Amino acid sequence: MSEFFINRPIFASVISIIIVIAGAVSFTSLPVAKFPQVSPPTVQVSAVYPGANAQVIAETVATAIEQEVNGVENMLYMSSTSANDGSYTLQITFALGTDMDMANVMVQNRVAIATPKLPEEVRRQGITTQKQSTQILQMINFTSDQEGMDELFLSNYALNVKDELSRINGVGSVRVFGAGDYSMRIWLDPRKLKSRNLTTEDVVNAIREQNVQVAAGQIGAPPAPPGTAFQFTINALGRLDTVEQFEEIIVRTGAEGRIIRVKDVVVDPQEIDGRVRNGVEQGAKDYTFASNFNGKPCATVAVYQLPEANALNVATQIRQRLEELSGRGNWPEGLNYDIPFDTTRFVEASIQEVYTTIFIAIALVVLVIFIFLQDWRATIVPVVAIPVSLVGTFAIMAVLGFSLNMLSLFGIVLAIGIVVDDAIVVVESTSRYISEGLTPKNAA
């Protein structure tokens, strides 16, 4: 093969140019990650049963879902967690090479079959099925020194940022850690309930019936009595959103017209942890998670990348989007963000080390060959051959489905050493044959 290209230098030059172009194009499209994607794809099913313990969840939720999901196509195994906080999580692991989108659809179809068997409260909260990525790209923290911007406010504002980041190409999923969504928390007093012959279920049913979005209809809509001159659309009070409105919810009406409201069966105001807590207050939906940054409460946003995404491009787009959002007029004054965890820093450093190694290797080849052979022509040959072989490596990586990660970059560094060593040996041997009287063509 070597003789074929030696006898056809123009053809060899064209092939070299094609290899360099293919490698350069492949380099820009190769996915970049800290480590290669070796873990099998997973799909996560999440559900919530408020107030239930782990045993109840395992018997009423886990059993129904897992009986249907078990045996889904290409599934390796599955594991579930039923917690005492009312949460249920099922992770289904699929074989390597399984399309994550198809796996997600297949699991979602199985969960839909099990949904009618679940308790009403679980169906009301919703069952979530989503692809679970294991590649955490960045962790973003939102903090503030101003009063009023507590962990609950930061978490809910981070949900707005989550929507912006989720639209970035290459982002797999975005998860917000912190206090959670806003909710209306009602602290019932068991003694007051007992004295009024009420139960917790009575209060829950009253809230559920009166905290609804009502379609009140219209007045004067056809067919209307003759002489109706106007047609009005009725706007009725829908879902409640203030503490006062929830306090006025009617739980029961007595025979003599006595009305029992929510505010009559809640606990009295009391001070807890330096804060006065009322029987009805606006708080967090879930207090399970807490996030701190440098000793201050914060909201943490975890960004996961898609397996085929270029981590460097995605991280750059995230930083640019955060800069755009922080420069808008609706960005709260005093709100700050930091990126303390960024896996692309290691990748960038590794790529920079590869560049440095290439430059050092080429410089060493030039010095060694020129100093010992004293021939510029012999020096130019490896200087041209080394980049061709290394850049062409990226094209092969793209064909084989490899990514630029810590391991593949380490392999490229080793390959640079091998190429440099071979280049020096080949050029030195060829120069010796030429010095002995052979033509350059025969010496090669």
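Since we're looking at a predicted model, the values are computed, not measured.
Within 6.0 Å of CG on N160 lie more than 12 heavy atoms contributed by other residues, nucleotides or ligands. Counting non-hydrogen atoms of neighbouring residues, nucleotides and ligands closer than 6.0 angstrom, the CD atom of E73 reaches no more than 12 such neighbours.
Looking only at distances, no side-chain donor or acceptor of S155 sits under 3.5 Å from a matching main-chain atom of A299. Q210 places a side-chain N or O within donor-acceptor distance of the main-chain N or O of I250, the cut-off being under 3.5 Å. A donor-acceptor pair under 3.5 Å links the side-chain atoms of T63 to the main chain of A58, judged by distance alone. Side-chain atoms of N70 never come within 3.5 Å of backbone atoms of Q67 as a donor-acceptor pair (strictly under, hydrogens ignored). Within the 3.5 Å criterion, the main-chain N or O of L198 finds no donor-acceptor partner in the side chain of R252. A donor-acceptor pair is defined here as one N or O able to donate and one able to accept, closer than 3.5 Å; such a pair exists between the side chain of R239 and the backbone of N211. At distances below 3.5 Å, at least one donor-acceptor pair connects side-chain atoms of S326 with backbone N or O atoms of E323. In this structure, the side chain of N156 engages the main chain of L152 through a donor-acceptor pair within 3.5 Å.
Residue pairs meeting the side chain to side chain donor-acceptor pair (under 3.5 Å) criterion with at least one partner in residues 49-58, sequence neighbours excluded, are Q55-E59. Under the side chain to side chain donor-acceptor pair (under 3.5 Å) criterion, the residue pairs touching residues 107-119 are E68-K117, with sequence neighbours excluded. Identified under the salt bridge (charged side-chain N to carboxylate O under 4.0 Å, His left out) test for residues 403-415, with sequence neighbours left out: none. Residues in residues 312-334 take part in these ring pair (Phe, Tyr, Trp, His ring centres under 6.0 Å) pairs, two or more places apart or across chains: Y157-W331.
For T199, the side-chain hydrogen bond (donor to acceptor under 3.5 Å, both in side chains) criterion is met by D202, not counting sequence neighbours. Listed by chain and residue number, E121 satisfy the side-chain hydrogen bond (donor to acceptor under 3.5 Å, both in side chains) test with R208 (two or more places apart in sequence, or in another chain). With sequence neighbours excluded, the residues forming a side-chain hydrogen bond (donor to acceptor under 3.5 Å, both in side chains) with D101 are K131, listed by chain and number. By the side-chain hydrogen bond (donor to acceptor under 3.5 Å, both in side chains) test, R123 is found to be paired with E120, residues two or more places apart in sequence or in another chain being considered. Under the ring-ring contact (aromatic ring centres under 6.0 Å, His included) criterion, F246 pairs with no residue at all, not counting sequence neighbours. With sequence neighbours excluded, no residue forms a side chain to side chain contact (heavy atoms under 4.5 Å, CB included) with A349. Remark: I360 engages T356, L364 in a side chain to side chain contact (heavy atoms under 4.5 Å, CB included) (not counting sequence neighbours).
Across all their heavy atoms, L154 and C298 have their closest contact at CD1-CA, 3.9 Å. When every heavy atom of S82 is checked against every heavy atom of I57, the shortest pair comes out as OG-CG2, 3.7 Å. The heavy-atom pair separating G23 from F394 by the smallest distance is O-CB, 3.5 Å.
In this structure the side chain of I65 reaches within 4.5 angstrom of the side chain of Y88, judged on heavy atoms. Contact check for S144 versus F153: no side-chain heavy atoms found under the 4.5 Å cut-off. Contact of the V391 side chain with the F27 side chain is not registered, since no non-hydrogen atoms from C-beta on lie closer than 4.5 Å. The closest side-chain heavy-atom distance from Q125 to P50 is below 4.5 Å. When side chains are defined from C-beta on, L118 does not count as touching T60, because their heavy atoms never get closer than 4.5 Å. You'll find the side chain of I140 reaches within 4.5 Å of the side chain of V303, heavy atoms only.
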Please list every donor-acceptor pair under 3.5 Å in which a side-chain atom of residues 189-196 meets a protein atom from a residue at least two apart or in another chain.
from : atom 1 : to   : atom 2 : distance (Å)
D189 : OD1    : R191 : N      : 3.0
K192 : NZ     : V266 : O      : 2.9
K192 : NZ     : D268 : OD1    : 2.9
S195 : OG     : R191 : O      : 3.3
S195 : OG     : K192 : O      : 2.9
R196 : NH1    : K192 : O      : 3.4

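For the atom pair CG of L240 and CD1 of I249, the computed distance is 5.0 Å after rounding to the nearest 0.5 Å.
Checked options E244, E247, E248; the residue passing with K263 is E248 (criterion: side chain to side chain donor-acceptor pair (under 3.5 Å)).
We find that R319 and D342 are joined by a salt bridge, their nearest charged nitrogen and carboxylate oxygen being less than 4.0 Å apart.
With 3.5 Å as the limit, one finds a donor-acceptor pair spanning the side chains of Q44 and S46. For the 3.5 Å distance criterion, the side chains of Q130 and S173 fail to qualify, holding no donor opposite an acceptor.
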